[in-house]
Amino acid sequence: MSAPSGPLGVLAARLPGRADTPAARVVPPTGFTAQLTVFTAAAMSFLAVFAIAMALAAGQLADRWQAALSQSATIRVSAPADQIEAQTAAVLRVLETTPGVGAARRLDDNEMRGLLAPWFGTDLPVEALPLPRLIEVTETGAGFDAEGLRLRLAAEAPGAVLDDHARWRRPLVAAAERLRAVSLVALVLIALVLAAMVTLAAQAALAANGQVIRVLRLVGAEDRFISAAFVRRFTARALAGSLAGTLAGLGAVALMPRAAADVGLLAGLGLSGSAWLWPLVVPAAAAALAYAATRVAAARTLRRTP
Amino acid sequence: MSAPSGPLGVLAARLPGRADTPAARVVPPTGFTAQLTVFTAAAMSFLAVFAIAMALAAGQLADRWQAALSQSATIRVSAPADQIEAQTAAVLRVLETTPGVGAARRLDDNEMRGLLAPWFGTDLPVEALPLPRLIEVTETGAGFDAEGLRLRLAAEAPGAVLDDHARWRRPLVAAAERLRAVSLVALVLIALVLAAMVTLAAQAALAANGQVIRVLRLVGAEDRFISAAFVRRFTARALAGSLAGTLAGLGAVALMPRAAADVGLLAGLGLSGSAWLWPLVVPAAAAALAYAATRVAAARTLRRTP
Amino acid sequence: MIGFSSAGFGYAGARPLLTGLDLALPAGSFHFLTGPSGAGKTTFLKLCYGELVATEGGVTLFGTDVRQMDRDGIAAARRRIGVVHQDCQFLDHLTLTENVTLPLTVAGRPVPERDLADLMAWVGLTDHADARPPELSGGERQRAALARAVITAPDLILADEPTGNVDWEMAVRLLELLVDLNRMGKAVLIATHDLNLIRASKSQVSARLLRIRDRQVQAAGAEL
Amino acid sequence: MIGFSSAGFGYAGARPLLTGLDLALPAGSFHFLTGPSGAGKTTFLKLCYGELVATEGGVTLFGTDVRQMDRDGIAAARRRIGVVHQDCQFLDHLTLTENVTLPLTVAGRPVPERDLADLMAWVGLTDHADARPPELSGGERQRAALARAVITAPDLILADEPTGNVDWEMAVRLLELLVDLNRMGKAVLIATHDLNLIRASKSQVSARLLRIRDRQVQAAGAEL
Ligand SMILES: Nc1ncnc2c1ncn2[C@@H]1O[C@H](COP(=O)(O)OP(=O)(O)OP(=O)(O)O)[C@@H](O)[C@H]1O
Ligand SMILES: Nc1ncnc2c1ncn2[C@@H]1O[C@H](COP(=O)(O)OP(=O)(O)OP(=O)(O)O)[C@@H](O)[C@H]1O
Ligand SMILES: [Mg+2]
Ligand SMILES: [Mg+2]
């Protein structure tokens, strides 16, 4: 067995667990299980950073689309020229008394031209055309009851059609929400895998050190003395590995190319602003997990050594 | 140390490595490192299945969007009423001699109505309106040179505007391609992590079995006899763990809700058709990795035992 | 210090190995324990330092019933007992000196450098102070185990076959060390097959001889 | 079978332990090896079965220089040598019988049930055939190690302190086993501190005595 080497080993060597306290020294540098712990913590932290970045990005995207949803209803009023103004006014009246509608506004000619520009250029003679009127509806947070509104409009302004853009965007929002949920589930899975692996690595190390534990018990060491040595060692290793993995993960996320904002999710893995702080929770969580896992494993092993 | 338990252990127990051949029996059921190997193989295979599903989905999406791109250019001709027919004919002539253009077709009134319907309803009097003419251009596989075409159009039909829809979709395709690349990189990372963990677990097991190896060398066992026992054991474990992880991964992918096709990537993680066969490569690859990793680890450990 | 009252022991799934043990190891006593291989000498010692718990009757350690001691209580009792195991085990990553002083480290006591040097010289390990245990010969390991057992000058020393791997001169030397400790009031119990060693002790100390026969531990008087 | 020509050995970083070894262990010979603890008896045995390689001069195993043997060659040679290690190690997950027959398993040879039963009875382990090694007493382990060393009736038997943990009757019994094998033409080398054992052999076999003194292995004739 050799001590862990390479940069992770160097890092681990600087951490308190290796300090020359008597309790720390009685546990041998447990070779491959040590490397396994450091490596597992690093790999899982790397993945955790990605999962966090994805969850945050998906969350932002869902929020953005949700926000867009709340302003996306349009009412189109098409009617013979002599009725159109009356029907438009009727629609606006209906909207004023509809719960959940924040504001309603008739689009002016310039805005109509803007909407049609992708197809017909900007020099379309909108005034001269027998175009329908468009009314943009802004929802309040709660939103309005689209079916109820449709019924009322049918009664008051038969030429009005409610175009609820939400139905185009809603699946997208649902998908973003689902991606966030998947990311969070992945995060939980990663934490479980980390805990399981650290537990198994600690148990493997404890089993490999059966002789150490027997000798220590023979000369009268108390359980907490033996346990502390292992727990400190493994916590330090998980922390070191996790720090390295988190930094690597953050570096990788930072290196991801970002696409234009409108492409949204697909390239939006980058973290921004205070979101950069979230992944820093990872090493702390990894160390806490390793601490708990090793304590449990040590207690179980010690109980078997008389 | 106890034998691996639970369903994975039961599975591993059925595999050839546990067969009662003399070579297999001389290696003890190496407790926690065994569980670690089975668990690592399972967890990594689970993730690998997801990465494969994502890579396949992203690849399909990129292909679909790429295909859509190749038909998405539109030329809009707006001109005074007396010149519009001449300019439209000129544009079609230009297109006929443009390399990379597969077909060019004037949209008829019904199609125009369809395009405008979302905004103005279907009863728009398209014939009566001074609308521009729209020409749909289908690219061949190689695509045409948009800038060159623009210059030629400016010369022959000053009222023609080339609307290259590609510029809207290209970032999406790029993003899908990137997602596929990220998935493939993740797959490589997962394979590396699996190899590293199996190597470390095998080395931990070998180190913990120093006495076994010393005894076997003492009674005259050849290296290949000792090595084979460990290699077979670990390969069987990796295979068992990987099979379980792959099945769980496939189950999870199958359970993912699918959104409508047009939502595309975000929910399109499901596998379809022969794509279901790809993840079955995972257990084979895991077993092969474990085989190679354990061989290397065993050879290294044995060289240190005289 | 240690008392057995109708105690007995059997390994799980085997017939009882020892029964009806009724004896005491008082402070300052010196005992030899002998009996054929497999008779239960090591088992008896393990009952004495709480690694095994009697399956019938009771064993008291320093006045407390072993069954009423928790793990920390056992650990505390062991810090008053020096044990030489039959298969001498060490912490292979520490030096010999660190291994010999391990009981002090564990008890949080300082290392008496002079005494340590004297002890290492007496057991002939001065030259190997910085060696790791796997680099020692069989006899050197056995002497190191004895040094470790006596470094804290414990109230009771239990030695299981402590001279099986050393030559006669060294065996006598090690015996002398234990006799010296016994003169300081420590209780000593040595399990051994070596009847010559028992005979050699006659001139130095009034030792009692215990013999395991018919699953009983019997006082064997002078009949050697 | 084994020849030393001006061979010597020193552990890395230490001064040479053995020098100028010039001797041979011919087929059918019976040797005792003695010397103080730490003199190099175990080291000498390790040179004999290729676990250590001489740092000066040469050692031949069955006629081949050890330095010219690859790992499989060493393994093949070891299948012709039975070794009783000073610290008897076993495969702790196998039964005693499986451990004793391990050399046969490794060599792919069948297990001669009759001989096995006789051997187990002779070393007094019939009752423990299905026990795991950690459940054995120290002396039982030593006897098992001897049984494992002789089960293949190897050409050469190297035993390192094979009677350190057994009582006198059993020691004589084990010696008898080795003498019997020697009569069958096998070479035997026993490293021991036990001068009584060497004396006891006098009546049964014409053994030569080797003694390690001043880093040399010297023939010690009759002067016991
Ligand atoms: N691996 C090693 N590295 C360094 N020194 C060693 C190693 N093994 C043994 N030694 C030293 O070499 C010397 C001889 O050891 P060896 O085991 O051969 O002695 P021995 O004659 O068998 O003694 P004993 O009768 O106590 O078993 C000892 O002083 C020991 O400390
Ligand atoms: N853990 C165990 N489980 C089951 N049986 C055991 C265990 N340990 C020892 N035994 C059995 O108990 C008996 C006594 O063992 P013990 O080690 O006490 O003998 P001993 O008198 O010390 O012998 P020796 O002189 O050979 O060391 C032996 O037959 C042994 O096989
Ligand atoms: Mg014993
Ligand atoms: Mg030796």
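By convention in this document, chain letters (A, B, ...) are assigned in the order of the sequence lines, proteins followed by strands, and residues within each chain are numbered from 1.
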So, the part of C:Asn196 with a heavy atom under 4.5 Å from chain D: the answer is side chain

Honestly, the part of D:Asp194 sitting under 4.5 Å from a heavy atom of chain C is neither

Heavy atoms, side chains only, cut-off 4.5 Å: are D:Leu195 and C:Asp167 in contact? no

Per-residue tally against chain C (heavy atom, under 4.5 Å) across D:Thr42, D:Thr192, D:Val166, D:Leu136 peaks at D:Val166

### Task
Verify the neighbour count for atom CZ of C:Arg208: are there more than 12 heavy atoms of other residues, nucleotides or ligands below 6.0 Å?
no

Taking every heavy atom of D:Ser137 against every heavy atom of C:Ser37, the minimum-distance pair comes out as OG-OG, 3.8 Å

Per-residue tally against chain C (heavy atom, under 4.5 Å) across D:Thr163, D:Asn165, D:Thr43 peaks at D:Asn165

Of C:Glu169, C:Lys41, C:His193, the largest count of non-hydrogen pairs under 4.5 angstrom with chain D goes to C:His193

If one checks every heavy atom of D:Glu140 against chain C at 4.5 Å, the contacting part turns out to be both

If one checks every heavy atom of D:Arg143 against chain C at 4.5 Å, the contacting part turns out to be side chain

So, the part of D:Asp87 with a heavy atom under 4.5 Å from chain C: the answer is neither

